[in-house]
Amino acid sequence: MASSSDAAPLSCIQEGTETRFPDHPESSAPFPNQGADEARDHVQPLQSPIEHVRRPHIPRTRRCSTVSVDYFDPEGVSTLSKSLDPARNQETRSSSSGPTSSEESEATLAGGAEKPFDFEQTLRYHLKKKGEAGIKSRELGVAFENLRVVGLGASASHQSTLGSLLNPLNILSKIKNIRHPQLRDIISGFEGVVRPGEMLLVLGRPGSGCSTLLKTIANQREEFHSVKGDVYYDSLTPSQIAKHYRGDVQYCPEDDIHFPTLTVGQTILFAAKCRAPQTRIPGMSRDDFIHKVTDIYLTIFGLNHVKDTPVGDASIRGVSGGEKKRVSITETLATRSLVTSWDNSTRGLDSSTALEFVRALRIATNLVRNASIVSIYQAGESLYEIFDKVCLLYEGRMVYFGPVDLARQYFIDMGYIPANRQTTPDFLVSVTNALGRTMATKEHDEIRDPERRGKPIPQTAAEFEEYYQHSEIKKINQADIASYKADFVGKHDLASAYKASAKAEHSRHTRRQVMRNVMLRRVQIIKGNYTAQALSTTVFVLQAIILGTTFVKISDTTAAYFSRGGVLFFSVFVPALFSMSEIPALFAQRVIVLRHRKAAMYHPMVEALALTLVDVPFTLGTIILFTIIIYFIVKLQQTAGQFFIYFAFIIVIALSMKAFFRALASAFPKEAPAQAVAGVLLLALSLYTGYQIPRPSMIGALRWISYINPVFYAFEGIMTNEFHTLDGLCSSLVPSGTGYEGVSVSNQVCTVVGSLPGQDRVSGSAYLSLSFGYTLSHLWRNFGIIIAFGIGFLFFLLTLTEINTGHTGEASATLFKAGSKAPVIKEAEAAVADDEEKGHANGSSSTGSAESLERAIKEELEARKVMREQPKMKSTFSWQHINYVVSVSGEKRQLLDSVSGYVAPGKLTALMGESGAGKTTLLNVLAERVGTGVVTGDRFFNGQALPIDFQAQTGYCQQMDTHVPLTTVREALRFSARLRQPSSVPTSEKDAYADKCLKMCGLDSFADAMVGSLGVEQKKRTTIGVELAAKPQLLLFLDEPTSGLDSQSAWAIMDFLRDLADNGQAILCTIHQPSAELFSVFDKLLLLRKGGQTVYFGDVGHDAQTIIDYFEGANARKCRPGENPAEYMLDVIGAGATAVSDRDWHDVWLNSAECKNLETDIEEIHTEGRTRPPVGATLKTQFATSWAYQARALFKRQHLAYWRDPTYLLSKLSLNIIGGLFIGFTFFKSKNTLQGTQNKLFAIFMGTILSAPLGGQLHVPYIKMRNIYEIREKASRTYHWSALTTAQVGMELPWNILGSSLFFLCWFWTVGFETSRAGFTYLMYGVCFPIYFTTFALAVACTSPTAEISGLMFSFLFSFVLTFDGVLQPFRQLGWWKWMYHLSPFTYLIEALLGQAVGHQLVNCAEKELATLQPPAGQSCGAFMAQYITNRGGYLTNPDDVSDCHFCSSRTTDEWMQPSFNIFYSNHWRDFGLFCAYILFNIFLVYFLTYMVRVRSHKRLAYLAKKVAALLGKFRKSP
C-alpha cells in the first residue's frame, strides 16, 4: 500500500482456510492484500507445530469487512510506522550491534527510506525476526459440545420483608433450600467453535443466557452451580487453563471499571508490563518492548491524545465513554488474551460509538489473531457484517450457530418475514419475541424454500431448537467442530508446544518485576489522587490538635492521672479508628483486582503487599505529625527516649490495625457485612483496651478478648512508658483543708490508688500496677507482640486476598410482593421444581410457552382497547426561536440557537442529533426543567400562553428510570395518580385509572413486581406508566426511551408510543440514532447539530423518503439501498464519530423552502388556535393535593420501602442488640465500688457511642429517597419537599426508638443498674436519645450530596461533641474548651443518664481502693477524720481503731460524681428539658438546611457543596 492512510482493509477473511500467526502485536499481522495460503508461504519458516494445521474446507462465502488499521488515528499510525521502520531504526537503536547485509535487504523489502512507509510490511519484518530468533508462538481456539449451565434459584420469587425473614416457617424452608437448593438450567444444548482470527456475535433477548454463555466460554465458572458438557481449548482442558493459562482466556464485563486516578497511558503501560514476555526480538530490551506495545495500541485505538488524561469515574472527571471503552479493549489486548468474551460492551453507547468499538475489535482480532466472542444490543447492519459467525439464543437454548451471511435466510426459510429495512441482527432477535415477529401465512408462503412451504413454523424455544437440530446449519457447525477436534483436540504435541511457548515467555525475574510494577502503580494511584492523602493527613492533624488542646499542658499531679490515661488511649485508638475507613475503598478496587487476576497480570496478594509497603511512608509521615502535635501540646514526659518509644508504639499499632481492617475486608465477599463486623470489632477493641475497664475488673468470660487485642498491648506499652518516670504530687491528700492545716504528712494519705501512708507523692508505676496490672517489664514484650500481630494480620491479608478475591454470583430474579399469584411466579416455580415435577414440566414446556404467548397477546389486545378509551388531546404545542445560554468557567456558551418547531396531537415527533447537539437540553428547556442559564424565545399552546400549571399538565419520562426500587408497579402508578391528579377526583377513581394505565403499558403481569427487580423494558414501561397515571392533558416528553434496551425491547417501547400517538397523545421524544425500523415509527423529525442549531424539521415520510429527498436535493450524497436513513442523515451532516461535512447544513436549512414552510405552519397553528379559548389551569394551587394527603401517601410509601428492606432494619436492630449485650456483659453486674461506679459511667458512655454507626446507617436510604424526589418528582410537582422530609424523619424515629428499646432491655439490668431508676433512663436513652441522633444525622445528611460525604461529616461532628462531654477529660481540667462542654448536647445526656441512674447511692470501696493512714497519737480514726468527712465526704471502715485507718474517698456516688465530672443528680429533669431543646433545634435544622441547601439552592452554597463533594469524593475513592 502507498501509505498507512491508504491501508487496505485488515479484516479480509478467506473462508475455508486458516492461518495461525504469532500473538504479539509487534510480531504478527494478517495480510489483507494476499490470500491466506500466500500469507502462509510468507511466514512458513516461523511456524511451530501449532501453526501449520489446515482446516478442511467448509462451504461458506468469501466475505471481507473493511476496517483499516488507521481508522481511529491516521496521523498517529503514519508516525508509528516510521518509528517502527527497521531501515531507519537500526541506525539509531542503541542496543543493536549494527545491521547485517541480510537485515538491510529485509529492511528494504519492508520499505526503504526512500519509499512510503508500510505499517503492515514493517510488522511482517518483525515477524520474520521473531522466527529467526526461534521464539515460539501460540494461538488458541475454543470449541464446546453439549454445554449446559445450571444456576441456583428461581427467575422470579417473592420479595422478602422483615416479617418473612423472622417467620420461623420461612427459616425452616431456607434451611431446606440450603440443603437441597433449587436449580434451573440457564443454558443447555450448546455447541460450536470459534477459531483464532474469528469473531462470534452472540444475540438474544435479556435473560436468554448470553452473559452465561460468554462467561462459560471464558472459563469463568465460579458463580454457577455447575457446568456440564465439554469445552476444548485446543488440547487443553478448562482446569488446565484455569490453573496455568488463565490470562489467555478472558471475560470482559460490560462495565468499564479502572483505577480512576491512573491515566490512560499508565493503565495500558501497566498491562503491557505485567504480561511482557521474556523472549523478544534480539536487540530489543524489555522496556523497549513494553513502550512499543503501548505506543502501538494507543495509536491504533486513537488514544494518544488522552494518554495523559485520568481514566476517571462517576466522581472524577476523565475520558469519555467511548474512549473508556477503547481503554478496556486496549488493556485486554495488552495482556495478550487469546480467547476473549466481550459482554454487552456497547450498552449505553450510541450506534456510531458502538460501531467504533466493533471496528476496533475487528482490527485487534486480525492483528493479534485471537478469538473474539461478543454480545451486543441493538447491533446495526454495518456492525453485524464485521463478524464471522453468529449465535442466537432463545430462552437458554441455542437456535442458530453459524455464518453471519446465512442467518437471515435461515429464519426466512423457517417462516419468518423481516420488516422493511429491518437489520439482520434485529430480525434475528425479533424471531425470539412472540410479539415482535411476523410469520409467513399459507397464502403468502413464497418467501420460504420450496421444501419448507406449508410446513408448521416453529414458535416456542423448544421448537426452534428442534428445527435447528435437523438443519443444514447444524451439520456445518458439527463438521466445523469435528475438524477442529481432529486437528487440535487431544494432541499431546500441540499441548507440549503450547506449554513450551508459555514457559518461554515467563521471565526469570517475574516475581520481583511484578512486585515493582504493582508498587509503582500504587504510587501513581496515590499521586493521581494526592488530595485524598492530603485530606487524610489533614484530618489526622486536626484530630491531634483537638485532642492536644483538650489535654493541653497536662499537670504532673495525681489529679491528671486519669486524664493522662485518656490522651494515651486516644493516641492508640484514633489510628485504629481511621484504619476502618479504608474498607469501602478496598471493596471499590476489588473488581479491578479480580479482573487483573483472571488476566494473569499479578496475584491479588501482590497488590495487597504493594498497598501495605507503599502505604508505610505515607502512614509514617502522618503519624509523625500526629504524635508530635499531641505529645508536645499535651506536654507528656519530656525525654527523648520516652517520646521515641511513644512514637514507635503508635506507628506500629497504626500499621498493624491497617493490616487488620484490610484483612477483615478481604475475608468478606461484600462490603455491608464487613462494615457491620468491623463496627462490632471496633467496639470490642475500644472496650478491651483496658482504659474504660481495667483487665482486673473484666469478667472472666470475656477477659480473653483483651489478650487477643493488639490495642491493649500498645496501650499498656505507652502507659508504662509514660508513667514509670512519674512521681506525681498528690492533689487529694486526706485529711486536708479546714481544721487540718498543721497535720503532718505522716498522718495524711493520698486517695489515689498506689499511694503510701505518710507520702505526698504517688509513684506512676505503683498506680498502674494496682489500677491496671501494668508493669514496665512488659514494655518491649508488648512491642514484640504488636509486631507479631501486625505480621499475622499481614499474613491473613495476603492469604485471604488471594483465596477470597472472588465474589458470589447472584442470579437476577424478578421479585413480587408477598402473597402475589402472578403467572410469572408460577412459571418460575415450575422451572425449579423437584426432579419428578421437573420432568413433567419439561415435557410440557411447549404448552407453558404457548400459555405465555396467549397471555401476552391477550394483554396487548387489552392495552390497545384501554388506549382507545382515553380522551384525545386537541392542543398543539409550539416554540419559536428558543435560545439557551449558560456560563461555563466564566464564559458564555450557547447551547440552543434559535430553535423552532411544534408537536401536534396524535403525532410522534423525534428529536435527534449527535452527542452534544442539545437534544436533552432542548427537551428540558421546553419542559421548564432547567434551573440555570438564560432562556429566550416563545412557547405556546394553540398560539396562546402556557397555563400556570404547565408542568402538572405534561408528563416527562427521563432517560434514567428513577423509582423507589421496593415499590410495586401498581403502587408506583397509584402513587403518581393519587398525588398528581386533582384532589377533586376521588381516590378510588384515581386508582382505577392507574390500573387502566397498567394495562395500557402491558404491565398487568408485573403489577405486583418490585420496580427495582424489573428488566430494562418493563422498567421503561413503568416510567412511562407513572407519567400516564398523572393524566397529562397536553403533552408527553420522553428522553432516550430506548437507551440501554435490546433491539426487541426498543421496538416494543416505540410500538407502544406509536399506539399512544395514534390514540391522540402528543409526544416529543429524543432518540439516539435508531434503526431504520424504529425510525419509521416517527411522524416528524427535529434534527440538531452541535451548538443546538436546527438542520431539519418536518415530516419523516414513508421509509424516511421525505428526509432523504431533502438532503439529496441539497446535493448530499445518495442514500445507498438498504442504508439506515437515520445513520445516513447523521453521516451527511458530519455527526458521526469520524464523519465530516463539506457544507454548513444549518445555513442550508435557513435558506430552504422547508424552513419557510415551518414558519408558515407555526403561524397558521397560532392563528387557528387563537380563535379558541386558551388552555386553562387544572390546579388552583402549586400541588394537586393537600399537604396532609401528601404526607400520608409518603408515610405509606416510606413504610413499605423499609418493611421490604429487612437487611437495613435487621442491621439497625441487631447492632442495638449486640451492642447492648456486649457492653452489658463487659460491665456485668458492676458493684457499688469506686471502680464499679466508674464502670457504670463508661457503660453509659459507650452506649451513647453506638449512635455513630446507627446514625451513619440512615444516610443511605435518606439520600436515595431524596434523589428520587430531586431527579423526578420535584419537577413534576408531585408533592411538597417538607412532606417528604416529614415522612423520612417520622419513619426513621419509630425504628430507631425500637432499636434503642432493645438495647435498653439488653443493657440496663445486665450492667446492674437499680430497677427503680429504669423509667427515666428509658425515657432518656430509649426515646429521647434515638430522636436526637436521628434528627442530628438527618440534619447533616440534608446538606451532603452523597452518603459517603454525609458519613464523614457526621463522624467528625459526632466525635467533636463527644470529646467535650466531660467523661474523657473531666470538666475541671478542660481549660479553654469549657465553652464546648456547655455547648455539647452529650454533656446533658450523660449527666441526666448517669446522675439519675447512679446518683444518691452508697459507695462501698473495694479493699484496694481504701487509703490507709495513721492518726496522731491518742486519737481514734473516727475522731481524727470527723471534720474532713463532714466537709468532703467519704467514710471509714474502722472508725474506732487508733491506727491503720481505712478510708474511702466517697461515701455516696454524688460525692464521686460532683467534683470529678460535674454531674449532679438534681439536674436530671433540667437536662431532660435542655436535651429536648437540642432535639427541637435539630428538627428545625433538618427543615431549614433542606430548604437552604436542597430547595432554594443558593449559588454560593451550591458551589461550596460542589467543591466539598469533589474533595471528599476523591478521598472516598482512593483505595
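Count residues from 1 along the sequence.
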A side-chain contact here means heavy atoms from C-beta on lying under 4.5 Å apart; do [X] and [Y] qualify?
X: Met1010; Y: Pro965; value: no
X: Leu655; Y: Phe793; value: no
X: Phe1303; Y: Tyr1325; value: yes
X: Ile583; Y: Phe661; value: yes
X: Met719; Y: Phe569; value: no
X: Leu586; Y: Ser666; value: no
X: Leu1241; Y: Val1398; value: no
X: Phe1242; Y: Ile693; value: no

Measure from the side-chain N and O atoms of [X] to the backbone N and O of [Y], and report whether any donor-acceptor pair falls under 3.5 Å.
X: Asp1205; Y: Ala1201; value: no
X: Thr1334; Y: Ile1331; value: no
X: Gln1401; Y: Thr1453; value: no
X: Ser1300; Y: Ile1297; value: no
X: Ser1384; Y: Met1380; value: no
X: Ser706; Y: Arg703; value: yes
X: Thr1226; Y: Phe1222; value: yes
X: Arg1204; Y: His1199; value: no

[X] side, atom [atom1]; [Y] side, atom [atom2] - distance, nearest 0.5 Å:
X: Leu794; Y: Ile787; atom1: CG; atom2: CD1; value: 13.0 Å
X: Tyr1322; Y: Cys1328; atom1: OH; atom2: SG; value: 10.5 Å
X: Ser571; Y: Ile653; atom1: OG; atom2: CD1; value: 12.0 Å
X: Asn1216; Y: Leu1254; atom1: CG; atom2: CG; value: 5.0 Å
X: Leu1338; Y: Ile1483; atom1: CG; atom2: CD1; value: 10.0 Å
X: Met1457; Y: Thr1237; atom1: CE; atom2: OG1; value: 8.5 Å

Just jot down the side-chain contact (heavy atoms from CB on, under 4.5 Å) partners of Ala576, sequence neighbours excluded, or say none.
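side-chain contact (heavy atoms from CB on, under 4.5 Å) list for Ala576, sorted by chain: Met657.
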List the residues meeting side-chain contact (heavy atoms from CB on, under 4.5 Å) with Leu1480, not counting sequence neighbours, and say none if there are none.
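Residues passing side-chain contact (heavy atoms from CB on, under 4.5 Å) with Leu1480: none at all.
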Considering all heavy atoms of both residues, which atom of [X] and which atom of [Y] are nearest to each other, and what is their separation?
X: Ile623; Y: Ala654; result: CD1-CB, 4.0 Å
X: Leu664; Y: Ala674; result: CD2-O, 4.0 Å
X: Thr1233; Y: Ala1406; result: CG2-N, 3.8 Å
X: Ser697; Y: Gln1235; result: OG-CG, 3.4 Å
X: Ile1463; Y: Leu1394; result: CD1-CD2, 3.4 Å

Let me see the working for Phe649 and Phe715 under side-chain contact (heavy atoms from CB on, under 4.5 Å), right down to the final yes or no.
CA-CA 9 Å; Phe649 270 91; Phe715 183 62; over 6 Å; no
Do [X] and [Y] have their ring centres less than 6.0 Å from each other?
X: Tyr1381; Y: Phe1364; answer: no
X: Phe626; Y: Phe540; answer: yes
X: Phe562; Y: Tyr691; answer: yes
X: Phe712; Y: Tyr688; answer: no

Partner set under side-chain hydrogen bond (donor to acceptor under 3.5 Å, both in side chains) for [X], not counting sequence neighbours:
X: Asn1232; result: Lys1240
X: Asn1482; result: Thr1335
X: Tyr1465; result: none
X: Ser656; result: none

Does [X] have any ring-ring contact (aromatic ring centres under 6.0 Å, His included) partners at least two apart in sequence or in another chain, and if so, which?
X: Phe795; value: none
X: Trp704; value: none
X: Trp1456; value: Phe1461
X: Phe1313; value: Trp1307, Phe1308

Identified ring-ring contact (aromatic ring centres under 6.0 Å, His included) partner of His1259 from the options Phe1354, Tyr1208, Phe1336:
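Looking at Phe1354, Tyr1208, Phe1336, the match for His1259 under the ring-ring contact (aromatic ring centres under 6.0 Å, His included) is Phe1354.
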With respect to Tyr1332, which candidate in Phe1475, Phe1481, Tyr1478 satisfies the ring-ring contact (aromatic ring centres under 6.0 Å, His included) definition?
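The ring-ring contact (aromatic ring centres under 6.0 Å, His included) with Tyr1332 is passed solely by Phe1475 among Phe1475, Phe1481, Tyr1478.
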Please tabulate, one pair per line, all N/O donor-acceptor pairs under 3.5 Å involving side-chain atoms of residues 1244-1251, not counting sequence neighbours.
| residue | atom | partner | partner atom | Å |
| --- | --- | --- | --- | --- |
| Thr1248 | OG1 | Phe1245 | O | 2.5 |
| Ser1251 | OG | Thr1248 | O | 2.7 |

Checking Ile1263 against Arg1266 for the side-chain contact (heavy atoms from CB on, under 4.5 Å) test, could you report, in this order, the C-alpha distance in whole Å, the side-chain angles of both residues, the deciding distance, and whether it holds?
CA-CA 5 Å; Ile1263 290 179; Arg1266 186 190 69 192; 3.8 Å; yes
Salt bridge (Lys or Arg N to Asp or Glu O under 4.0 Å) partners of Arg662, counting only residues at least two apart
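Listed in chain order: Glu582, Asp615.
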Is it true that His1468 and Glu1391 share a donor-acceptor pair across their side chains at a distance under 3.5 Å?
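No.
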Decide side-chain contact (heavy atoms from CB on, under 4.5 Å) for Met1291 and Phe1195; before the verdict, give the C-alpha distance in whole Å, the side-chain angles of both, and the deciding distance to 0.1 Å.
CA-CA 7 Å; Met1291 193 47 61; Phe1195 262 102; 3.7 Å; yes
In sequence, state the C-alpha distance, the side-chain angles, and the governing distance for Phe570 and Gln543, and then conclude on side-chain contact (heavy atoms from CB on, under 4.5 Å).
CA-CA 10 Å; Phe570 269 113; Gln543 194 70 48; 5.8 Å; no
Does the distance from a Lys or Arg side-chain N to an Asp or Glu carboxylate O, for Glu1292 and Lys1212, drop under 4.0 Å?
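Looking at Lys1212 together with Glu1292, the answer is yes, because their closest N to O distance falls below 4.0 Å.
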